[in-house]
> 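So that we are looking at the same thing, I have put the structure below in structure tokens.
What you see is a predicted model, and the numbers here were worked out from it, not measured in a lab. Atom set for the values below is all heavy atoms of this structure, side chains included, hydrogens, waters and symmetry mates excluded. The first residue in the sequence is number 1, and the count goes up from there. Remember, it's 1-based here, ligands and their atoms both numbered in the order they're listed.
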Amino acid sequence: MESISSNLTAVREQIAEACRKAGRREDEVTLIAVSKTKSAAAIREAWDAGQREFGESYVQEFLEKVEAPELSGLPVSWHFIGHLQSNKVRQIVDKVTMVHGIDKVSTAKELSKRAGQHDLTVDYLLEVNVSRESTKYGFSPDSVLQAAEECFALPNVRLRGLMTIASPAPSEARREFAELRQTLDKLRQNAPEPSLLTELSMGMSGDFEEAILEGATMIRIGTAIFGWR
Ligand SMILES: *Cc1c(COP(=O)(O)O)cnc(C)c1O
């Protein structure tokens, strides 16, 4: 079995190569290591190999890892990338760098309220279901524009961009990533502060090269770093 550290090196090289192909700088793309279902010890191994941004999907598991002795005292940057129910926002609001995947205006409002109670400003993304699969969460590309209108004015949170999970086939995925980029461009046209809307969270182990070619600023990679779940 390959080690987490050598997997990370390989993934970083592939990111660099995709950035060359896309004519983009490597520092335009943030690698989020998706550690869901993996142990705190595995996260520590990635940390020791220089990885700082991690993605978790399940609230209870996330809270346990934040408290894990293996990670105590380390300034890990946590991204919550799973589906977030409104009633769970309170539990994670003061522990996250960014919440990806907000799929309801009411959840954004709850995030705003809870962030205010902690005197924080929390960055978040709206999830868009570009593949239009009924099993997936997220706004349609049209409805997200309207939803964002309601979100812009919320205090203690900053809408920073969009997130998506693409179809499994890389050729379809590429088209969907392009659509997410175009949707963000439209969103900027109506935004009170367009310069805040910089983030496209898209691309996973199987399709991150396509995502980088289409402008991803955050890629979320689990399997290629930590192995199969
Ligand atoms: C699990 C997960 C990932 C990582 O997927 P891999 O295929 O293992 O790289 C990325 N994004 C989200 C939202 C996930 O739930």
> Considering the heavy atoms of Gly222, write down every atom of ligand 1 situated less than 4.0 Å from one of them.
4 (C), 6 (P), 8 (O), 9 (O)

> In terms of atom number and element, which parts of ligand 1 are under 4.0 angstrom from non-hydrogen atoms of Ile165?
13 (C)

> Between the candidates Met204, Met202, His79, which shows the shortest non-hydrogen contact distance to atom 10 (C) of ligand 1?
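When every heavy atom of Met204, Met202, His79 is considered, Met204 comes closest to atom 10 (C) of ligand 1.
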
> Applying the side-chain hydrogen bond (donor to acceptor under 3.5 Å, both in side chains) criterion to Glu214, which one of Gln182, Arg175, Arg181 satisfies it?
Arg181

> Counting only heavy atoms not in Gln146, do more than 12 sit closer than 6.0 Å to its CD atom?
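Result for CD/Gln146: open.
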
> Once you measure the plane-to-plane angle for Trp78 and Phe62, does it fall in the parallel (<30°), tilted (30-60°) or perpendicular (>60°) bin?
perpendicular

> Could you pull out, from Ile219, Asp207, Ile81, the option with a heavy atom nearest to atom 12 (C) of ligand 1?
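Going through Ile219, Asp207, Ile81 one by one, Ile81 has the nearest heavy atom to atom 12 (C) of ligand 1.
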
> Once you restrict to heavy atoms under 4.0 Å, what part of Glu127 touches ligand 1? Side chain, backbone, both or neither.
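For Glu127, no heavy atom sits under 4.0 Å from ligand 1.
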
> Please answer whether the main-chain N or O of Glu70 pairs with a side-chain N or O of Arg44 as donor and acceptor at a distance below 3.5 Å.
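Confirmed, Arg44 side chain pairs with Glu70 backbone.
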
> Can you establish whether the number of heavy atoms outside Phe152 located under 6.0 Å from its atom CZ is more than 12?
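Enclosed: over 12 neighbouring heavy atoms sit under 6.0 Å from CZ of Phe152.
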
> Salt bridge between Glu56 and Lys36, side-chain N to carboxylate O under 4.0 Å?
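Judged by the 4.0 Å cut-off on N to carboxylate O distance, Glu56 and Lys36 do not form a salt bridge.
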
> Do any heavy atoms of His100 fall under 4.0 Å from ligand 1?
no

> What are the atoms of ligand 1, with element, lying closer than 4.0 Å to any heavy atom of Met163?
13 (C)

> With atoms numbered from 1 as shown, which atoms in ligand 1 lie under 4.0 angstrom from a non-hydrogen atom of Thr223?
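Every atom of ligand 1 under 4.0 Å from some heavy atom of Thr223: 6 (P), 7 (O), 8 (O), 9 (O).
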
> With a 4.0 Å cut-off on heavy atoms, does Ser57 reach ligand 1?
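A heavy atom of Ser57 does come that close to ligand 1.
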
> Applying salt bridge (Lys or Arg N to Asp or Glu O under 4.0 Å) to Glu17 and Lys21, what does each step give before you reach the verdict?
CA-CA 6 Å; Glu17 178 57 31; Lys21 244 183 167 173; over 6 Å; no

> Which atoms of ligand 1 have any heavy atom of Arg220 under 4.0 Å away?
4 (C), 9 (O), 10 (C), 11 (N), 12 (C), 13 (C)

